[in-house]
Amino acid sequence: MKLVLAYVNPYRVDDIVEAVKNTEISGLTVVEAQGFGRQAGHEEIYRGAEYEVDLVQKVRIEILIDDIMAPETMSMIEEVVHTGSIGDGKVLILDVEDVVRIRTGERGEDAV
Amino acid sequence: MKLVLAYVNPYRVDDIVEAVKNTEISGLTVVEAQGFGRQAGHEEIYRGAEYEVDLVQKVRIEILIDDIMAPETMSMIEEVVHTGSIGDGKVLILDVEDVVRIRTGERGEDAV
Amino acid sequence: MKLVLAYVNPYRVDDIVEAVKNTEISGLTVVEAQGFGRQAGHEEIYRGAEYEVDLVQKVRIEILIDDIMAPETMSMIEEVVHTGSIGDGKVLILDVEDVVRIRTGERGEDAV
Amino acid sequence: MDSGATAWILTSSALVLLMTPGLALFYGGMVRGKNILAMLLKNYIAMGVITIVWTLIGGSLAFGHLIGGSALEISGTTILGNLDYFGLRGIDLPGTESIVGGIPNSAFMMFQLMFAIITPALIVGAVAERMKFGAWTLFIILWSIVVYVPLATAVWGGGYIGENLGALDFAGGLVVHINAGVAALVLAIMIGPRLGYGTSAIRPHSLPLTLIGAGLLWFGWFGFNAGSALAADQAAADAFMATQVAAGTAATVWLLVEKMVQGHATTLGFASGAVAGLVAITPAAGFVDPLGALVIGAVAGVVCFYALRLKAIFKFDDSLDVVAVHLVGGIIGSVLLGVLAVGDVAGGSQLVKQVIAVVITIVWTGALTAILALLIDKCIGLRVTEEEERQGLDISLHNEQGYLLTE
Amino acid sequence: MDSGATAWILTSSALVLLMTPGLALFYGGMVRGKNILAMLLKNYIAMGVITIVWTLIGGSLAFGHLIGGSALEISGTTILGNLDYFGLRGIDLPGTESIVGGIPNSAFMMFQLMFAIITPALIVGAVAERMKFGAWTLFIILWSIVVYVPLATAVWGGGYIGENLGALDFAGGLVVHINAGVAALVLAIMIGPRLGYGTSAIRPHSLPLTLIGAGLLWFGWFGFNAGSALAADQAAADAFMATQVAAGTAATVWLLVEKMVQGHATTLGFASGAVAGLVAITPAAGFVDPLGALVIGAVAGVVCFYALRLKAIFKFDDSLDVVAVHLVGGIIGSVLLGVLAVGDVAGGSQLVKQVIAVVITIVWTGALTAILALLIDKCIGLRVTEEEERQGLDISLHNEQGYLLTE
Amino acid sequence: MDSGATAWILTSSALVLLMTPGLALFYGGMVRGKNILAMLLKNYIAMGVITIVWTLIGGSLAFGHLIGGSALEISGTTILGNLDYFGLRGIDLPGTESIVGGIPNSAFMMFQLMFAIITPALIVGAVAERMKFGAWTLFIILWSIVVYVPLATAVWGGGYIGENLGALDFAGGLVVHINAGVAALVLAIMIGPRLGYGTSAIRPHSLPLTLIGAGLLWFGWFGFNAGSALAADQAAADAFMATQVAAGTAATVWLLVEKMVQGHATTLGFASGAVAGLVAITPAAGFVDPLGALVIGAVAGVVCFYALRLKAIFKFDDSLDVVAVHLVGGIIGSVLLGVLAVGDVAGGSQLVKQVIAVVITIVWTGALTAILALLIDKCIGLRVTEEEERQGLDISLHNEQGYLLTE
Ligand SMILES: Nc1ncnc2c1ncn2[C@@H]1O[C@H](COP(=O)(O)OP(=O)(O)O)[C@@H](O)[C@H]1O
Ligand SMILES: Nc1ncnc2c1ncn2[C@@H]1O[C@H](COP(=O)(O)OP(=O)(O)O)[C@@H](O)[C@H]1O
Ligand SMILES: Nc1ncnc2c1ncn2[C@@H]1O[C@H](COP(=O)(O)OP(=O)(O)O)[C@@H](O)[C@H]1O
């Protein structure tokens, strides 16, 4: 099994959930995050004091998926999120050694 | 070393921490998350406008553990959290290549 | 590619971002977290009711990096964050199987 | 000078001022977190610029003729006051007339200023999360001079609606709520729906903020309505009572309908119902007894609830429901008062007068608001770019972030 | 008509109305985030339904006999007013009597309504995070008619406690705080502890909200206490002074004790101490001098702090400490006033009268609240399901979420 | 007794009390989340300890001689009142003199107490996020006796500045704002900058809190300024008007300057500008007409904005800009009133008197604050440890957490 991890802009969450619903992917988990990357930070000025703000609001989306569907899941996210502008984000694939679904006790691919 | 990852309901955090305290597990990290899965989303209506809300409040718990204890850590969480109802969540195991404890500089299994 | 993961104290974020800017690392992602470990929890008393609070505010920092730079990234964080007191935190390295940069479609090492 | 009346009008003026921050929170809680500051500022800014406009010319234009001297008249009907009191200078000097017996003209002018502030602020709910800050500021400055001031004169300054037609508006059903509601409708249509409206879930980011706001609004509304008696007397106490009864009833009724229709009574429903009741009782507060107020509240609770559906039917994105609450609520109160008023003002023809006054207000405001908005849109544009809207107005317009909780 | 007095009572009524939102925030900050809206709404709903109840029958039942006509009497003792003023209609018509010289009856009725609203709202702290919304709403409607109104008549309407016994209650030690505190105790016991109570850490989710609430409560309390003079005179000013002194002293003393006993002075401690002081001075505000107020505040600061332990000792989950703050605080003030009162009311037997009045109130409220709660529990159930409680009442009862910060 | 005046002073006292919670929120939103509670409590504690200090001795020391009996005088100049009214006992008994005709002395004393509370609270912005709680509490107790009370006597109690010099201070430019501003400057320098000041981004954690606070401050300020007329009359209404005009103008002007200089109008800028305007009009509110108020507001909006740079230039960490807003704003108003006052007080020499009064205040407060702070630093230390500062003061000092949103 694989864990597909995506750092994307917050307003993309709805789109991704919508897209996921139309696939066989069983679920996903979203975590609020702040990101720093090529996307230029900006300067915020509070009462005259200037601060270089490098961190931009992002979300981190995690999808657990079986080995076979991992690449297409990656592509699916890529497709949904792509705008071509800096800050679109990244998708990663990690290997998952084992999984259990707590409710049923199913393990491995069955638990995905 | 392994990273045991669990997506569970928020009110389970206390139980898991309590359980972890009674083991040799050295610690854990909790992140707030929102999850989508088999658990039915619900419809929220704000001033007459209906929204399908798919994301449910969850937490993501991470436990770094040595290879040997990984399976029993997984089972421990399974046991503590299991109710048999949809939304109980999932536990994953990822492989960790290296670890360092910042305070001491210890590496690998010693740092867990 | 590797994912370097660090659990550290929140007031370290600025230092790490600053340090990262002076390297070739392309970015990082920060997530708020709460941690439990050797660092003693404390007791909070709300209106006479005492609660053992085990979870301490932490952040979880994630840096995607190519294989070669992973160890030095780990050391960099270690160096920046180290104070020698309990709670300094941990750095982990996970293996990443694939990466895509959504904006450009670049994959693998190019996408880091 | 009646020190009790003066104390009450000063207190009421402060209460009405507080309603604008209250409204800001009420609205602010309903937008997404990335637009909270932009929403707050679009409300607060009214406390800035309208104060200046009113002090320099607005107050004098609206009510200068009541202090002394002549008004702009057309065939005997007062259209607008004069500019003799530019900068509100000398409004209480010996030789001036007292607008309201017993209280200083400056107290009256400040009380009225607070109404002039909150009225444009009410409109902003319709264009939440997408309007430019500069365009908004320019809009309310012009709108308050071109639309608000003449209407205030027409209703409360001895002008056509109040004097010649004889329609009643105790505390601002026409001048404040219908006025703001119509402007909101026009702006919502002209600026278009938010990105993602109708497709993605655009939910309130902090209902506790909204509830704080609703509490402050309810509190401040006693100044709004009972202060409109312009004295601390039986009429003020009665208006206070009507206000409380209508608010409590409308909130309760809204919850009941919500529960029956949608299955759940909600916090936002309570707040919405309360505000709807407060709006509806505003024009009538001084003219109805408690049972009349109860009826008005109950009607507002039901009708405004169903009026939320208008925007889905007619497909405009009145983001925070200014039309359903203020336009519809204002009409309910203005019209029902023709039926429910007790005492002197009760009478068959009053209902007709009220309806005419409502229609005049709708036409007046609708037409002028559309022209103003068109002008501003042509000159500087009403709406932010898509990129700015997606990023959130807090960062894109104001370069600030609402919440930062990492440390 | 005294316009100054009328101004002050209208102002005070508005201030007391604001206390209910203040209380909602005070309580709301102390619950977990998943129950914030449910807590707010259980407070706000009192502004809805109690307004209706009071307008229709409550006001007339409690004080109708003071306006005109007869009361329900038992062997010469006034038990309850009449229903002549159903819908609060005609309470200021020519021919009616003035309840308080100088102010309209409608002002008095609204001032009293605000007390009738906040009293049941106070109770909700005891059943936080687990009571059904419908059951709660039904409970406060019935409780306000069956328990509150007769007590108000007994104390302030020429009834047994105030008139025959001669006990004093300046602004609601008996009627509001002991009354609410006893009801809270009964409900807390009957509904049982929250899931996880005593085992897991159930901590306040937003102390800033609690502190906003405490600020609004303190502010509003000036209306509560100084307004209870029912005039803008020396007595009002003295009650204002006593209120401020007791609140400030109790808050300070609470912090000192906390620091000594637990090692840290806390924000929640300050807020709790302030409210305890405000509660304790309520019955006495018009009868003590500043040093008397200081003593009452200091005693409240210490005793209410230690009273927090009662719930651990007697094992009931009075979630937000209504008993320790309102019941104990109310008793402190009601009894100490027998010792510390200055002027006319000073005298040996007053202490005895006060104690008797406290006992009567406790018995009255305790018994009736238990019966009411039992009835409601049998009919529709008081408590949510375990599943709903775990999920949080915001979603499970109201289908809303308090905070949404992703975007 | 003037019931209208009494109603207004009681209302105003309540309004000024509310300013301290308002200030707490205003400040609280600007600190980091880990210090929110410590910031709130350092404000709220003033409502505790200063109430006690003022009741016991402060009130009598400042104004006892106006009620009856003698003052401490040096060569005919009143320096301080007496202690005849320890515990504020007997201040309204027959035989006492009325400080202000028409209102009870207790009302006057409470109104003044609220000023004595908020003044030290204003200072805390300068030492945000690093001062010990015990040291802070001790500091404000001593400071209020040693610095505040004698200054209040000198300005408002028939002392040197008000009586002999003839300087004007309508509502506290000298006594409140310059006084607090100077103390803030001294403390900021003595306690040193926050860890990470100038290197890492120390940003406001919740601007919505700050905006709620700003709203409450603006609202309460009507009590502050218009209440300072000590009657409900023309003067009160005029002061109300000046207050509103200056606040609105300063907020608007601040935004304009910000937009031009920095490219963005900000929410924090609006709030800051409004407060700057309110500060600047405070000493002048009763002496200028609306256009004068507009000028003062405009000047405050520009000058206070640029005064933010002082701390960068002189390298002190006045964390929440008490110097730029209160010291500079207070000077602007105190001096400009010498130029812009209308009516009786207009005249060439007034400007000189105002400048002298400002200088005296700065020297007085500067010297005594430094001594006090030094003493406390030697005895118990002003500042928390580095470890505590890093961890955040909420947990390290108060063992509480501001926000807990997991469940
Ligand atoms: N090396 C990295 N490690 C972890 N997260 C990263 C890294 N680089 C980028 N990110 C995440 O991806 C987001 C987008 O990256 P950015 O470089 O700004 O744009 P793009 O990916 O479109 O080139 C960042 O805000 C951050 O959250
Ligand atoms: N494929 C997935 N990838 C990532 N997270 C998932 C996935 N499926 C489920 N989850 C997480 O687990 C939670 C519970 O899953 P759900 O399917 O609702 O219940 P259950 O696991 O009991 O069948 C979800 O809310 C989500 O956070
Ligand atoms: N076994 C673990 N699994 C996951 N996270 C851990 C683990 N142990 C520690 N952590 C994280 O690291 C943080 C610091 O750990 P702690 O043991 O308190 O100090 P130190 O690492 O300095 O010995 C914890 O708060 C937690 O977030």
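Note on naming: letters A, B, ... go to the chains in the order of the sequence lines (proteins, then strands), and numbering restarts at 1 for each one.
Proximity of a side-chain donor or acceptor of N9(A) to a complementary backbone N or O of R12(A) within less than 3.5 Å is not detected.
Top candidate by heavy-atom pairs under 4.5 Å with chain C, chosen from S85(A), A6(A), G35(A), G87(A), is S85(A). Put simply, of D95(C), V99(C), D14(C), V100(C), the one with the most heavy-atom pairs under 4.5 Å next to chain A is V100(C). By number of non-hydrogen pairs under 4.5 angstrom with chain C, the leading residue of V56(A), T83(A), L94(A), L55(A) is L94(A).
A salt bridge does not link D110(A) to R101(A): none of the charged nitrogens lies less than 4.0 Å from a carboxylate oxygen. Under a 4.0 Å N-O distance rule, the pair D98(A)/R107(A) qualifies as a salt bridge. For the pair K58(C) and E32(C), the salt-bridge criterion is not met [side-chain N within less than 4.0 Å of a carboxylate O].
Only the side chain of L3(C) has a heavy atom closer than 4.5 Å to any heavy atom of chain A. Residue V91(A) touches chain C through both its backbone and its side chain, counting heavy-atom pairs closer than 4.5 Å. Proximity to chain C (any heavy atom under 4.5 Å) is shown, for Q39(A), by neither the backbone nor the side chain. Contact annotation for L64(C): only side-chain heavy atoms (C-beta onward) come within less than 4.5 Å of a heavy atom of chain A. Within the 4.5 angstrom heavy-atom criterion, atoms from both the backbone and the side chain of L28(C) approach chain A. Proximity to chain C (any heavy atom under 4.5 Å) is restricted, for R60(A), to the side chain, taken from C-beta onward.
Applying the 6.0 Å contact sphere to CD of E79(A) captures no more than 12 heavy atoms from other residues, nucleotides or ligands.
Nearest heavy atoms, I65(C) versus M69(C): CG1-CB, 3.6 Å.
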